[in-house]
Amino acid sequence: MNRILRSYIVTMSGPDNIDQTINVQVESLPNTPMLDDAGDILQAAQKRCAAAVVDYDSFNSDSEYLNTLDARAAECHVVSIRKPGDLARYIYEGYVGENDERVFTGPVLAVDADEADFAARWGIALQAGTLRGKILKDPDRFFEALDAVEVRRCEESPVGLPELVSSARALIAAHDRDEPTSDLIDELAVLIALVPSQTPEAAAAAKA
């Protein structure tokens, strides 16, 4: 079966703890989930991250350069992975392994249901404590940690106008009380960005 190239936007962090956002492409089979690309995405991003700081011209041989590149790549851990495109909000619930008594929930932003499933697995594994430390540097263990998650529910949860108006009112009230508003501003900005394009104007809902 012919393989295709898929693009992802990856944020990585190295030993200096400085985040670096890069675009990577990986070969993948058509109609396979984003989860199946997880290890390849991490490996490709590690190499790109390392190549940005390892100077080829400062080495006497290709083998010395490649060894240093591999060593540097292994020090880079993944912070986030997403597909390019417009985001929508999804809500999820799930658990790790067979431990369905510890159910984790939360919202994620994704461009489609496939990415939402991937992000849900990530969120559940983080909450469960199974995605941390060296696992974020190891492509095989990274995939295994996500694959071990059972996503019981993951569905789109569009931002409604009542939620948008409520957020705006909370911001105004905090401002009137001279309370910090930076988090509320960020929250409102995210909600506004996620309002579906076909949603009627918020003014109409505010008057209701």
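Side-chain atoms are counted along with the backbone in the values below, which use heavy atoms only and exclude waters and symmetry mates. Not measured: the values here are computed from a predicted model.
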Handout entry: Working for side chain to side chain contact (heavy atoms under 4.5 Å, CB included), residues Thr130 and Ile135
Key = CA-CA 8 Å; Thr130 58; Ile135 296 175; 5.9 Å; no
Practice task
State yes or no: do Leu109 and Leu188 share one hydrophobic cluster built from I, L, V, M, F, W and Y residues joined by side-chain heavy-atom distances below 4.5 Å, directly or via other members?
Solution key: yes
Problem - Tyr8 vs Asn23, side-chain hydrogen bond (donor to acceptor under 3.5 Å, both in side chains): CA-CA, chis, key distance, verdict - result: CA-CA 6 Å; Tyr8 297 97; Asn23 295 310; over 6 Å; no
Handout entry: Pair Glu155 + Arg153: basic N to acidic O under 4.0 Å
Key = yes
Practice task
Carefully, step by step, assess Asp19 and Thr11 under the rule side-chain hydrogen bond (donor to acceptor under 3.5 Å, both in side chains).
Solution key: CA-CA 6 Å; Asp19 288 353; Thr11 299; over 6 Å; no
Practice task
Check whether the ring centres of Tyr92 and Trp122 lie less than 6.0 Å apart, and answer yes or no.
Solution key: no
Problem - Residues, nucleotides or ligands: over 12 heavy atoms within 6.0 Å of Asp86 CG - result: no
Practice task
Work out which heavy atom in Leu146 is nearest to a heavy atom in Ala38; give both atom names and the distance.
Solution key: CD1-CB, 4.2 Å
Problem - Joint hydrophobic cluster, Leu191 plus Leu184, side-chain heavy atoms closer than 4.5 Å - result: yes
Practice task
Determine, step by step, whether Arg6 and Thr32 satisfy the side-chain hydrogen bond (donor to acceptor under 3.5 Å, both in side chains) criterion, reporting the C-alpha distance in whole Å, the side-chain angles of both residues, the deciding distance to 0.1 Å, and the verdict.
Solution key: CA-CA 11 Å; Arg6 286 181 172 160; Thr32 57; 3.2 Å; yes
Handout entry: From CG (Leu69) to CD (Glu64), nearest 0.5 Å
Key = 12.5 Å
Exercise for the section: Following the transitive rule for hydrophobic clusters with a side-chain heavy-atom cut-off under 4.5 Å over Ile, Leu, Val, Met, Phe, Trp and Tyr, establish whether Ile41 and Leu136 coincide in one cluster. Expected result: yes
Exercise for the section: Test side chain to side chain contact (heavy atoms under 4.5 Å, CB included) on Lys134 and Arg141 and set out the steps. Expected result: CA-CA 9 Å; Lys134 293 182 179 180; Arg141 295 177 66 192; 4.1 Å; yes
Exercise for the section: Please determine if Lys83 and Asp114 form a salt bridge, counting it only when a charged side-chain N lies under 4.0 Å from a carboxylate O. Expected result: yes
Completion exercise
In this structure, CG of Leu131 is separated from CG of Leu126 (nearest 0.5 Å) by 5.0 Å
Completion exercise
Output for pair (Lys47 NZ, Cys76 SG), nearest 0.5 Å, gives 12.5 Å
Exercise for the section: Establish whether Tyr90 and Met34 are linked, either directly or via other cluster members, by ILVMFWY side-chain heavy-atom contacts under 4.5 Å. Expected result: no
Practice task
Search all heavy atoms of Val149 against all heavy atoms of Ala125 and return the closest pair with its distance.
Solution key: CG2-CB, 4.1 Å
Problem - Spacing of Lys137 atom NZ and Met12 atom CE [to the nearest 0.5 Å] - result: 10.0 Å
Completion exercise
NE2 of His175 to CD1 of Ile172, rounded to nearest 0.5 Å, is 9.5 Å
Exercise for the section: Could you grab the distance from atom CG of Asp55 to atom OH of Tyr65, nearest 0.5 Å is fine? Expected result: 8.5 Å
Exercise for the section: Kindly work out whether a path of hydrophobic side-chain contacts (I/L/V/M/F/W/Y, heavy atoms less than 4.5 Å apart) joins Phe118 to Val10. Expected result: yes
Practice task
May I have the step-by-step check of side chain to side chain contact (heavy atoms under 4.5 Å, CB included) for Glu27 and Leu5, ending in yes or no?
Solution key: CA-CA 5 Å; Glu27 288 190 353; Leu5 281 177; 3.8 Å; yes
Practice task
Compute whether any side-chain donor of one residue and acceptor of the other, for Arg152 and Thr105, lie under 3.5 angstrom apart.
Solution key: no
